[in-house]
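Here's the structure we're looking at; comments come further down.
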Amino acid sequence: MIDLNHIDELARRLSDLVPPGLRESREELQATFKNALQAGLSRLDLVTREEFDVQRAVLLRTREKLDALEQAVAALETRNSDSNA
């Protein structure tokens, strides 16, 4: 899930950019910006940093296992070609 504090901060910054004459409804604008940001982000296919880190760790372990298997196959191939010679 997206960190709502970041969305709140971005919505606040956007509402700060509104011209002074329109700032009477600043809280309403900020809420509108926040809702629009949340809606837009929810449509994106995003993962949390935690999910990303977990998948990265899984990928690294898989890569290590693949490297070990490649070395084992290479050793077996060498041993097989030596015995056939």
Side-chain angles (χ1 to χ4, degrees):
M1 185 49 80
I2 303 300
D3 186 358
L4 294 180
N5 291 328
H6 293 303
I7 293 176
D8 287 339
E9 176 64 18
L10 187 54
R12 186 191 59 74
R13 287 182 182 181
L14 287 171
S15 66
D16 287 344
L17 296 174
V18 173
L22 299 175
R23 288 195 180 161
E24 299 82 40
S25 58
R26 180 180 176 171
E27 291 174 3
E28 183 180 328
L29 283 172
Q30 191 168 341
T32 302
F33 287 142
K34 181 179 174 181
N35 289 337
L37 289 167
Q38 284 177 326
L41 289 172
S42 68
R43 282 184 238 127
L44 299 175
D45 191 16
L46 301 175
V47 297
T48 64
R49 183 65 190 190
E50 181 180 346
E51 290 172 304
F52 175 83
D53 289 341
V54 166
Q55 289 304 313
R56 183 174 185 270
V58 168
L59 179 60
L60 288 173
R61 282 194 309 270
T62 304
R63 184 62 166 153
E64 290 169 357
K65 289 179 181 180
L66 177 61
D67 290 343
L69 287 171
E70 286 175 340
Q71 290 174 2
V73 167
L76 288 171
E77 288 175 341
T78 300
R79 193 177 321 152
N80 189 28
S81 66
D82 289 344
S83 66
N84 289 334

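Model, not experiment: these values are computed from the prediction.
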Single-linkage hydrophobic cluster, 4.5 Å side-chain cutoff, V58 and L69 together: no
Residue that, paired with L37, satisfies side chain to side chain contact (heavy atoms under 4.5 Å, CB included) out of T32, D8, L10: L10
Partners meeting side chain to side chain donor-acceptor pair (under 3.5 Å) with N35 (sequence neighbours left out): none
L76: side chain to side chain contact (heavy atoms under 4.5 Å, CB included) partners, not counting sequence neighbours: R79
Flag if over 12 foreign heavy atoms under 6.0 Å of CD, E70: yes
Expected output: side-chain Q55 to main-chain F52 donor-acceptor under 3.5 Å: no
